[in-house]
**Student:** 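What follows is a structure written as structure tokens; I'll ask about it next.
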Amino acid sequence: MFPSPEIVTDIITKEGTQDIILHRVNDFIKKSEDNPLNGDLGYIQETSIDFCRRQSLLEGINDALGEIDTGNFDGIWKIITDAASKGASRDEGHDYLEGFSYRNQKCERDPIALPWKVMNDVMGGGPDRQGLITFIGPTGAGKTHFLTNVSAAGIENGLNVVYVSLEIADFKIGLRHDAYFSGVAINDVPAHEEKVKAEVHAAVPKGRLFIKEFPTRGASVNTIRSYLQRLKTMKQFSPDLLVLDYAALLRAPKIGDKGSHDLESVYAELRGLAQELNLLVVTADQTNRTGMNQEIVTLESIAENFNRATVCDAIITISRTMDDKDGGTGRLFLAKSRLGPDGIVFPFLIDTAKVK
């Protein structure tokens, strides 16, 4: 695996080198930054294994062709099967009759609590790591406010959190966290910097938060994976919770002649990222027009692609009519949950100025 551009720069700066070599290295680093691989580790691992398996199979076929004239068909079969098995997973699966202790150990949960106790109680303490939770609501329902609450509660509980924004500037997401912790309205935060700073440090004993802004449709799941790897390398920071604002704004692979974006695959990749890095992913999504001004938003109001709902461990819809917006009220609906009962409505109060 190659070192990152930052590490290479640090090495050549400390050790020194000839000017011509330094110029070439800097030129290489600039090119790699302008054209990133976006998720290099996962890509390299996957493609390297595929390449090695293909080469092994080609070599096995050539060896098998050399044995055809001998008539040793059992030997030919063994050559090909041995070649095809190289690089395959060695996991033999879960032996049910021998796995009682294994299952009991796996049942010991380490949930990540959401900011709302009543919902955590329904979910057995909160969602699990390696899971995917999504909030769904129409435009203006407050999806970013709910994501900010999840993020802020995470660092308040001592977790490492990454907030990826694909729509709102990073400093504005930071201001929302300031308002959450300090009780100062978002627009007034800059005028009360010292008070806000004191309140934040008092509320966050040891949790850490990195806020990363990417252009809309300018990042893929692999881009996020690469960024998290960079945080681990440069900052010794491994997240417990990834908040993504929001999934439908990620760059998705195009499918079909019309070039429509495969958002279902984005959700599947996010779930895979959660499993790979042992973290919880919380994101949000948009309803279609039927979700506007509904008393309760149901799964039927998921925009474009219902199939993505099957990937999520829990789906929480947000409903706020015009009357709700005037009164600072609304309803959460636990539309789907693998963590306990669903079909439950949670009325809520919301103060958008203080993001609570």
Side-chain angles (χ1 to χ4, degrees), residues 105-135 143-165 170-184 186 189 193-213 224-225 227-246 270-271 273-284 313-314 316 332 337 339-340 348 351 354-356:
Q105 291 172 359
K106 287 293 183 180
C107 284
E108 296 178 1
R109 299 183 65 224
D110 180 23
I112 293 179
L114 298 176
W116 313 285
K117 182 179 182 302
V118 63
M119 189 170 289
N120 290 326
D121 290 344
V122 172
M123 293 184 174
D128 294 307
R129 293 173 184 267
Q130 303 187 16
L132 175 60
I133 309 296
T134 186
F135 289 89
K143 295 185 291 294
T144 297
H145 286 75
F146 280 96
L147 293 179
T148 300
N149 273 242
V150 171
S151 170
I155 59 173
E156 197 171 17
N157 291 327
L159 300 178
N160 287 337
V161 181
V162 171
Y163 193 117
V164 172
S165 177
D170 54 3
F171 77 92
K172 292 183 178 180
I173 297 298
L175 288 173
R176 281 167 165 77
H177 286 78
D178 291 339
Y180 175 94
F181 286 117
S182 67
V184 176
I186 296 174
V189 165
E193 181 177 345
E194 293 304 318
K195 168 180 167 50
V196 170
K197 186 186 299 184
E199 293 288 348
V200 170
H201 283 294
V204 184
K206 59 180 180 179
R208 297 177 68 191
L209 169 64
F210 281 89
I211 304 169
K212 178 63 176 176
E213 175 190 353
I224 295 174
R225 177 183 284 107
Y227 170 66
L228 297 181
Q229 290 169 354
R230 179 179 175 185
L231 283 181
K232 184 176 182 179
T233 301
M234 303 303 295
K235 298 291 186 178
Q236 293 74 54
F237 178 91
S238 297
D240 304 292
L241 171 63
L242 169 65
V243 178
L244 175 60
D245 190 1
Y246 50 90
L270 284 173
R271 179 64 184 272
L273 182 68
Q275 294 172 317
E276 174 188 336
L277 300 182
N278 192 36
L279 51 79
L280 172 66
V281 176
V282 180
T283 187
D313 294 283
I316 305 165
L332 294 181
S337 177
L339 307 164
F348 65 80
D351 184 344
K354 298 180 180 178
V355 199
K356 279 282 191 176

**Student:** Is any side-chain heavy atom of L273 less than 4.5 Å from a side-chain heavy atom of L277?
**Tutor:**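 L273 vs L277: side chains touch.
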**Student:** Atom CG of N278 and atom CG of D128: how far apart are they, to the nearest 0.5 Å?
**Tutor:**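 Those atoms lie 10.0 Å apart.
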**Student:** Would you name the heavy atoms of P111 and G124 that are closest together and state the gap between them?
**Tutor:**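 For P111 versus G124, the nearest heavy atoms are CG-O, 4.4 Å.
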**Student:** Has R109 got a side-chain atom pairing as donor or acceptor with G126's backbone, closer than 3.5 angstrom?
**Tutor:**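 Yes: the side chain of R109 pairs with the backbone of G126.
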**Student:** How about V184 and D178: do any of their side-chain heavy atoms sit closer than 4.5 Å?
**Tutor:**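 Side chain of V184 against side chain of D178, heavy atoms only: no contact under 4.5 Å found.
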**Student:** Of the non-hydrogen atoms in P127 and L339, which two are nearest, and what is the gap between them?
**Tutor:**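 Residues P127 and L339, closest heavy atoms: CA-CD1, 3.5 Å.
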**Student:** Are V164 and D245 close enough, and set up right, to give a side chain to side chain contact (heavy atoms under 4.5 Å, CB included), and what steps lead you there?
**Tutor:** CA-CA 6 Å; V164 172; D245 190 1; over 6 Å; no
**Student:** Count the heavy atoms belonging to other residues, nucleotides or ligands that lie under 6.0 Å from CD of E193, then report whether that count exceeds 12.
**Tutor:**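 No, the 6.0 Å shell around CD holds no more than 12 heavy atoms from other groups.
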**Student:** For a 4.5 angstrom cut-off between non-hydrogen side-chain atoms, does E194 reach K197?
**Tutor:**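 Counting from C-beta outward, E194 and K197 do come under 4.5 Å.
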**Student:** Counting C-beta onward and ignoring hydrogens, is there a side-chain heavy-atom pair between V150 and L114 closer than 4.5 Å?
**Tutor:**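 Side chain of V150 against side chain of L114, heavy atoms only: contact under 4.5 Å found.
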**Student:** Is there a donor-acceptor contact under 3.5 Å from the side chain of E213 to the main chain of D170?
**Tutor:**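 Yes: the side chain of E213 pairs with the backbone of D170.
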**Student:** Would you check if L332 and M119 make a side-chain contact, meaning some heavy-atom pair closer than 4.5 Å?
**Tutor:**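 Yes - at least one pair of side-chain heavy atoms lies under 4.5 Å apart.
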**Student:** In a table with atom names and distances, give each donor-acceptor pair under 3.5 Å that connects a side chain of residues 234-244 to protein atoms at least two apart or in another chain.
**Tutor:**
| residue | atom | partner | partner atom | Å |
| --- | --- | --- | --- | --- |
| Q236 | NE2 | T233 | O | 3.1 |
| D240 | OD1 | R129 | NH1 | 3.0 |
| D240 | OD1 | R129 | NH2 | 3.0 |
| D240 | OD2 | N160 | N | 2.8 |

**Student:** What are the two closest heavy atoms between R208 and I155, and how far apart are they?
**Tutor:**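 Of all heavy-atom pairs spanning R208 and I155, the closest is O-CG2, 3.2 Å.
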**Student:** So, for L132 and R271, which heavy atoms are closest and what is the spacing to 0.1 Å?
**Tutor:**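 Closest heavy-atom pair between L132 and R271: CB-CD, 4.2 Å.
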**Student:** Looking at every non-hydrogen atom in both residues, tell me the closest pair between K354 and G183 and how far apart they are.
**Tutor:**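 Minimum heavy-atom separation between K354 and G183: CE-O, 3.0 Å.
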**Student:** Between atom CH2 of W116 and atom CZ of F146, what is the distance when rounded to the nearest 0.5 Å?
**Tutor:**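 Reported to 0.5 Å precision, the distance equals 6.0 Å.
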**Student:** In Å, rounded to the nearest 0.5 Å, how long is the span from CD1 of I211 to OH of Y163?
**Tutor:**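 One finds 8.5 Å between CD1 of I211 and OH of Y163.
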**Student:** Between the main-chain N or O of L147 and the side-chain N or O of S151, is there a donor-acceptor pair closer than 3.5 Å?
**Tutor:**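 Absent.
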**Student:** Within the structure provided, determine whether F135 and Y246 are in side-chain contact (heavy-atom separation under 4.5 Å).
**Tutor:**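 Heavy-atom side-chain distance check fails, nothing below 4.5 Å.
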**Student:** Drop me the distance from K356's NZ to T148's OG1, to the nearest 0.5 angstrom.
**Tutor:**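 Atom-to-atom, K356:NZ and T148:OG1 are 11.5 Å apart.
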**Student:** When you compare the side chain of T134 with that of I316, does any pair of heavy atoms fall below 4.5 Å?
**Tutor:**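 No, every pair of side-chain atoms sits at 4.5 Å or beyond.
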**Student:** In chain order, what residues pass the salt bridge (charged side-chain N to carboxylate O under 4.0 Å, His left out) check against E156, with sequence neighbours excluded?
**Tutor:**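 So E156 forms no salt bridge (charged side-chain N to carboxylate O under 4.0 Å, His left out) with any residue.
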**Student:** For residues A152 and F181, report the shortest heavy-atom separation together with the two atoms involved.
**Tutor:**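 It is O-CZ, 3.4 Å.
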**Student:** Which value, rounded to the nearest 0.5 Å, describes the distance between K117 atom NZ and N120 atom CG?
**Tutor:**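 Going from NZ on K117 over to CG on N120, the span is 8.5 Å.
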**Student:** Below 4.5 Å, heavy atoms only, C-beta onward: do L159 and I112 meet side chain to side chain?
**Tutor:**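 The answer is yes; the side chains approach within 4.5 Å.
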**Student:** Quick check for you: to the nearest 0.5 Å, what is the distance between R176 atom CZ and F171 atom CZ?
**Tutor:**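 CZ of F171 is found 10.0 Å from CZ of R176.
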**Student:** Assess whether side chain to side chain contact (heavy atoms under 4.5 Å, CB included) is satisfied between I186 and V355, documenting all intermediate values.
**Tutor:** CA-CA 8 Å; I186 296 174; V355 199; 3.6 Å; yes
